[in-house]
A.B. asks: 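Would you mind keeping the following structure in view while I ask a few things?
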Amino acid sequence: MAKQAETAITPTREEDYPEWYQQVVKAADLAETSPVRGCMVIKPWGYAIWENIQRELDRRFKETGHKNAYFPLFIPMSFLQKEADHVEGFAKECAVVTHSRLEAGEDGKLEPAGKLEEPLIVRPTSETIIGELFSKWVQSYRDLPLLINQWANVVRWEMRTRLFLRTAEFLWQEGHTVHATAEEAMQETLKMLSEYADFAENYMAVPVITGEKTEAERFPGAEATYTIEAMMQDRKALQSGTSHFLGQNFSRSSNIKFLNADGKEEFAWTTSWGVSTRLIGGLIMTHSDDNGLVLPPRIAPAHLVIIPVTPKEETRQEVLDYCLGLKKDLEAQGYMDGRVKVEFDDRDMRGGEKAWSWIKKGIPLRVEVGPRDMQKNSVFVGRRDRAPKDKQSVGRDEFVAGIAGLLDAIQDSLLNKAKQFREEHTKEITTEAEFIEFFTPENPANPEIHGGFASVGFCCDAELEEKISKEHKVTVRCIPTETLDEVVKCAFTGKPGKRVIFAKSY
RNA sequence: CGGGCCGUAGCGCAGUCUGGUAGCGCACUUCGCUGGGGGUGAAGGGGUCGCAGGUUCAAAUCCUGUCGGCCCGACCA
């Protein structure tokens, strides 16, 4: 017997969390780095997760009255300039297109030629270009509300990138809406935030805290930014989606005006909201273990894999046929608003290796079927949320009939586990000393996983916030919606403050 | 963009200090044994050593530059 690592992924989370993350992505074959700096190639298994995210979110957007549209990748540089905070926030990370063609020089080397009169930027977000179009689309209060979403790629020239969590190019959706009143726009902002929160918890089994960002963390140009924040297994926070109340800032800079019912011209109120492929990073870091990816059934590209075990040539065909019959019956079962999705893995390779490859890919259920199971009319089932060797023999028909319930049970167990983890590492803190202790590792030279979410009274003074963030590398993740009305003594100044969540973050 | 480490076969690495014409493990291919577990024996295929200059009779090895990766920091809508 060759020695195998006790875990399929090395290093373990405990040993080296960032490296573990990389290895999980690789072992599950989700994505890889590309020849272009900071960009990623999303491979079929990873892209299928994104398609599932898209499908469910798109359904929700449409259900809440939004329509999809598409706006250009390129934005004239002057557009970005229109909103002062916005340009300041994004200018440093824009990819700029300056030429329109290539020409071969004397040495045969290609060189950019045909310099553009006005440079184009590759959209880092589309407020400015969409605003330009909206100013034409909106004339009357009868045109409102205007509820638009686009699925697109955006580019932000980040200094330091990590697959799914921060890449130079990423896929996302951005909702952009226009309203006649501030109240209505605010309502929209909060409605979409709660859609995100509901989706994260109920589809991705990622529990999130919803809340408002402080001024320092706000979207450039927004009046208010709301966020869903999730806790990863290294206890850091991941901002997983944002929804912005833009006030009249962008309608003023883009000139989005309408005539109200009284015949008076008014600036409109706008919102924007988005989630990205970063959600996949959050999914990975919420559920996966030292054997690789763990996928909640509702977001998994496939719910189960059937692995035929064919030790003897004479029973081989019989087992394969039995498996195909099982596959057909399972695929006839409904799950959520679709069907049970089944992979059939008859690749010619060793059984153990094959099973491990699916464990690393995070498939919720592994169903192994050999001659003995066939004789008993049963199947041998392993759940991804349990240990690899923890497998049970279940009657075939019982298994087929109970498949949806079993998938729900896995979904629930993953959500509960994640919630429990978050509870265990969320601490109510009332003094600065306690705060510092919470966020200081025992071994600063090689910091172990430590800290978590600190629920703290905070006076929300911007200078103090910056000082704390610099000194302890901790930021205010949000002012949670749930405890918004609470008045809590500030742990740093003693003044009356709000309850906020402090954490280290991605 | 600053600091550290690193680019040698698909992957992981040795060889670099002390220049002499490329190796190991895994993976891959074929055959055998094994057959409810990532097992095993044998025989094979695969690399202009990230790229570009320079030094030298000779460069994976020394020098310069450059590109890329990872970690830390700054930044992160």
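Everything numeric here is computed off the predicted structure, so don't read it as measured data. Below, chain A is the first sequence line, B the second, and so on; all start at residue 1.
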A.B. asks: Under the salt bridge (charged side-chain N to carboxylate O under 4.0 Å, His left out) test, which residues partner A:K467, sequence neighbours left out?
C.D. replies: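 By the salt bridge (charged side-chain N to carboxylate O under 4.0 Å, His left out) rule, A:K467 matches A:E471.
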
A.B. asks: For the C1' atoms, the ones on B:G46 and on B:G41, what distance do you get once it is rounded to whole angstrom?
C.D. replies: 22 Å

A.B. asks: Could you check whether A:R60 pairs with A:D198 (Lys NZ or Arg NE/NH1/NH2 to Asp/Glu carboxylate O, under 4.0 Å)?
C.D. replies: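 Yes.
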
A.B. asks: Under 4.0 Å, heavy atoms only, any strand: does A:K360 hit a base, just the sugar-phosphate, or nothing?
C.D. replies: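 Base contact.
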
A.B. asks: How long is the line joining NZ of A:K470 and P of B:A74, in whole Å?
C.D. replies: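 It is 8 Å, rounded to the nearest whole Å.
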
A.B. asks: Using OP1 and OP2 only, check whether a side-chain N or O of A:K473 sits under 4.0 Å from B:A74.
C.D. replies: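 Result: yes.
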
A.B. asks: Is there a donor and acceptor pair, one atom on the side chain of A:R350 and one on the base of B:G38, closer than 3.5 Å?
C.D. replies: no

A.B. asks: Could you please name the option among B:C11, B:G37, B:C70 that lies closest to any side-chain atom of A:K26?
C.D. replies: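 Nearest to the side chain of A:K26 among the choices is B:C11.
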
A.B. asks: Looking at B:C1, B:G38, B:G37, which one has an atom nearest to any side-chain atom of A:M159?
C.D. replies: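 Selected nucleotide: B:C1.
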
A.B. asks: With no hydrogens and no angle check, just 3.5 Å: does a side-chain donor-acceptor pair link A:T12 and A:E14?
C.D. replies: no

A.B. asks: Assign A:D16 to base, sugar-phosphate, or nothing according to its heavy-atom contacts below 4.0 angstrom with the strands shown.
C.D. replies: nothing

A.B. asks: With distance as the sole criterion, is a donor-acceptor pair present between the side chains of A:S126 and A:E174 under 3.5 Å?
C.D. replies: yes

A.B. asks: Looking for any heavy atom pair under 4.0 Å, which part of the strands does A:K391 touch: base, sugar-phosphate only, or nothing?
C.D. replies: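 Base, at least one base heavy atom under 4.0 Å.
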
A.B. asks: Can any side-chain N or O of A:E83 pair as donor or acceptor with the backbone N or O of A:D85 at less than 3.5 Å?
C.D. replies: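 Confirmed, A:E83 side chain pairs with A:D85 backbone.
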
A.B. asks: Roughly how many Å apart are B:C17 and B:G7, using the P atom of each and rounding to a whole number?
C.D. replies: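 Each nucleotide's P atom is 14 Å from the other's.
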
A.B. asks: Could you measure between the two P atoms, the one in B:C24 and the one in B:A59, and give it in whole Å?
C.D. replies: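 One P to the other, the span is 24 Å.
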
A.B. asks: Just call it for A:R37: base, sugar-phosphate, or nothing, with non-hydrogen atoms closer than 4.0 Å on any strand.
C.D. replies: sugar-phosphate

A.B. asks: Expressed in whole Å, how much space separates the C1' atoms belonging to B:U40 and B:G10?
C.D. replies: 23 Å

A.B. asks: Touch check for A:Q239, heavy atoms < 4.0 angstrom, all strands: base, sugar-phosphate only, or nothing?
C.D. replies: sugar-phosphate

